[in-house]
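Please read the structure below before turning to the comments.
Naming: A, B, ... by sequence-line order, numbering from 1 per chain. Atoms considered below: every heavy atom in the structure, side chains included; atoms not considered: hydrogens, waters and symmetry mates.
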Amino acid sequence: MDTLIQQIINGLVLGSIYALVALGYTMVYGILGLINFAHGEVVMVGALTALSIVKALAGTGLPGPVIVLFGLMGAVPVCMALGFVIERVAYRPLRNAPRLAPLITAIGVSIVLQQLMMLGWGSTYLSFPPLLSTAPHSLMGASINDLQIAIIAVAALTMGGLVLLVQRTRIGRAMRATAENPSIASLMGVNVNRIISFTFVIGSALGALAGVMVSANYSIAHYSMGFMLGLKAFTAAVLGGIGNLAGAMLGGILLGLIESLGSGYIGDLTGGVLGSNYRDVFAFLVLILVLVLRPSGLMGERVSERA
Amino acid sequence: MSDVLLAASGIGKRFGGVQALQNVSLTIRRGEIYGLIGPNGAGKTTFFNVLTGLYAADAGEVILDGTRLNIGVPHEVTQQGIARTFQNIRLFGNMTALENVMVGRHLRSRAGVIGAVLRTAATRAEEAAITDRAHRLLQYVGVESRANDLARNLSYGEQRRLEIARALATEPRLLALDEPAAGMNATETAGLRLLIESIRADGVTLLLIEHDVKLVMGLCDRVAVLEYGEKIAEDVPEVVQRDPKVIEAYLGGAID
């Protein structure tokens with residue numbers, strides 16, 4: 001029983017992170033119909049930026065959470081700027097090109113970012129200083145630490161804020177209008193290019209937040225960490241129904257739970273033949289099943305006709 | 001202030017080998033209802049698309065109220081004061097009727113991200129003003145009762161009216177309606193006619209593309225006729241109706 005609770009807690013933490021990253025994929029897809037494969041790398045850049053700031057401040061005697069907050073405050077604007085530049089340089093010139101062109105460009109951007117960060121930060125695994133309290137609280141026989149509570153709470157608050165932004169504000173309305181039909185939105189006076197930039201910037205800010213969470217929670221950061229994380233978050237977005245905000249959140253949480261429960265029980269279920277190192281299998285099994293059984297995802301609507 | 005609101009001169013547009021518009025010039029006077037008619041494929045909608053910035057013209061220019069329109073950049077054209085509806089209704093189907101109109105207020109409002117996040121007093125006041133204005137526009141066109149329904153669930157006639165409300169929300173000086181009566185029954189068309197007249201009475205100049213010749217002749221102050229991308233007539237309806245070129249090209253005989 002306590003294993004179950006523990007795996008659920010772990011799943012929620014992981015799922016919150018997936019959800020934040022998945023939102024970046026789904027928002028861009030919703031507006032441009034583009035899968036921004038470089039998004040995982042934005043998350044990585046956020047993690048490494050925060051790591052450097054945190055390391056620089058680690059000896060100053062500031063309280064741990066304050067240092068991590070500074071790291072976050074550095075990573076978020078860096079990633080926002082990066083998201084803006086990626087769209088401007090790599091995707092905007094290809095706005096009217098065949099869909100394959102921006103997709104391949106996205107993969108190219110992803111490789112460029114990985115290599116650039118490797119040049120700057122090296123190819124070894126970097127450890128995130130243990131600044132945050134990891135003293136466990138017990139919860140129904142399982143344990144949860146302050147950092148995990150903070151991750152779940154911050155992710156929930158951020159996602160709530162995003163929903164309000166999209167549903168209740170002027171710029172959110174313009175985003176939804178652009179997602180439905182960019183040319184009509186522009187005829188109604190919406191500056192579509194600005195909305196697209198804004199979408200990339202917001203998605204990248206969420207990615208930076210997720211990057212800091214991942215590296216703090218697993219105490220590690222690495223130039224290629226964005227690849228697998230990005231792929232999983234993309235899976236979460238597809239699971240929820242890509243293009244759908246609520247779907248990305250649901251998909252992220254579900255995927256986190258599936259992965260966590262799966263890797264927690266796979267040993268018992270297979271009599272020890274397969275271990276928890278098979279955890280990645282679950283995410284991609286989910287991706288395959290969704291693509292086969294329900295390609296539009298859990299909350300996805302029919303594929304919209306896009307001229 | 002001159003009485004000419006819009007002057008298009010020498011507009012040309014080519015699609016591959018097809019000359020869709022050739023040297024089209026016309027002037028729309030302040031406060032009038034101006035009709036644009038012509039057989040199918042004559043270039044009416046192409047002209048609309050050039051005028052509202054959807055296509056860049058190959059030749060010519062459009063002057064609105066003394067300012068050259070930046071044609072080819074739709075949101076700037078809207079900013080300068082032209083709004084339109086579409087022959088095939090193009091609403092934001094997954095947004096409510098009210099939200100559709102509120103999108104039309106986008107460029108007449110300013111709230112940015114900072115204000116939205118901090119919920120500043122100015123942002124909240126602006127949002128309330130947008131909502132209020134949108135409700136009044138829905139009332140004006142007569143679909144207020146459907147304010148909170150998704151646009152795609154409105155009836156055909158309601159959708160046409162909603163499109164007009166959304167266009168009016170941008171505070172246009174020129175409202176361009178692309179076949180507003182298409183698919184409407186006689187009662188709906190009569191209602192539309194009243195709506196168009198009241199929009200004019202409120203000081204908005206209208207440009208109308210319409211197939212319903214009776215509606216155009218009865219409603220418009222002046223009418224231009226396009227054929228094969230060229231203007232073949234421009235005058236008051238009574239004169240245009242008797243123009244032999246027009247009768248031959250478009251009406252196919254006398255009209256009653």
Rounded distance (nearest 0.5 Å) linking atom [atom1] of [X] with atom [atom2] of [Y]:
X        : Y        : atom1 : atom2 : value
A/Ser186 : B/Leu107 : OG    : CG    : 11.0 Å
A/Arg170 : B/Ile130 : CZ    : CD1   : 6.5 Å
A/Met188 : B/Arg166 : CE    : CZ    : 4.0 Å

Quick one: does B/Glu99's side chain have a donor or acceptor within less than 3.5 Å of a partner on A/Arg173's backbone?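 Checked: no pair found.
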The criterion is ring-ring contact (aromatic ring centres under 6.0 Å, His included); which residues satisfy it with B/Tyr55, sequence neighbours excluded?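 With neighbours one apart ignored, the set is B/Phe15.
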Do you know the tightest heavy-atom contact between [X] and [Y]?
X        : Y        : result
B/Thr52  : A/Leu187 : O-CD2, 3.2 Å
B/Phe92  : A/Asn181 : CE2-O, 4.0 Å
B/His106 : A/Ala174 : CE1-CB, 3.3 Å

Does anything in residues 175-182 of chain B get under 4.5 Å of chain A by heavy atoms, and if so which residues?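 If one takes a 4.5 Å heavy-atom cut-off, no residue of residues 175-182 of chain B lies near chain A.
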Within residues 73-84 of chain B, residues adjacent to chain A where the heavy-atom gap is under 4.5 Å: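 Within residues 73-84 of chain B, near chain A: B/Pro74, B/His75, B/Thr78, B/Arg84.
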Listed by chain and number, what are the side-chain contact (heavy atoms from CB on, under 4.5 Å) partners of A/Thr169, not counting sequence neighbours?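 A/Thr169 satisfies side-chain contact (heavy atoms from CB on, under 4.5 Å) with A/Leu165, A/Ile171, B/Ala116 only.
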Using non-hydrogen atoms only, which part of B/Ser109 is less than 4.5 Å away from chain A: side chain, backbone, both, or neither?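 When you check distances to chain A, atoms from both the backbone and side chain of B/Ser109 fall under 4.5 Å.
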Decide if atom OH of B/Tyr140 counts as having more than 12 heavy atoms of other residues, nucleotides or ligands within a radius under 6.0 Å.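 Yes - once you tally the heavy atoms of other residues, nucleotides and ligands closer than 6.0 Å, there are more than 12.
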Tell me whether the count of non-hydrogen atoms from other residues, nucleotides or ligands lying under 6.0 Å of CZ in A/Arg194 goes above 12.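 Not more than 12 within 6.0 Å, no.
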Using a cut-off of under 4.5 Å for heavy-atom pairs, which of A/Val190, A/Ile202, A/Leu164 has the most such pairs with chain B?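 Highest number of heavy-atom pairs under 4.5 Å: A/Val190.
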Is it true that B/Glu127 and A/Arg168 make a salt bridge, defined as a side-chain N closer than 4.0 Å to a carboxylate O?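 Not counted as a salt bridge, because no side-chain N and carboxylate O are separated by less than 4.0 Å.
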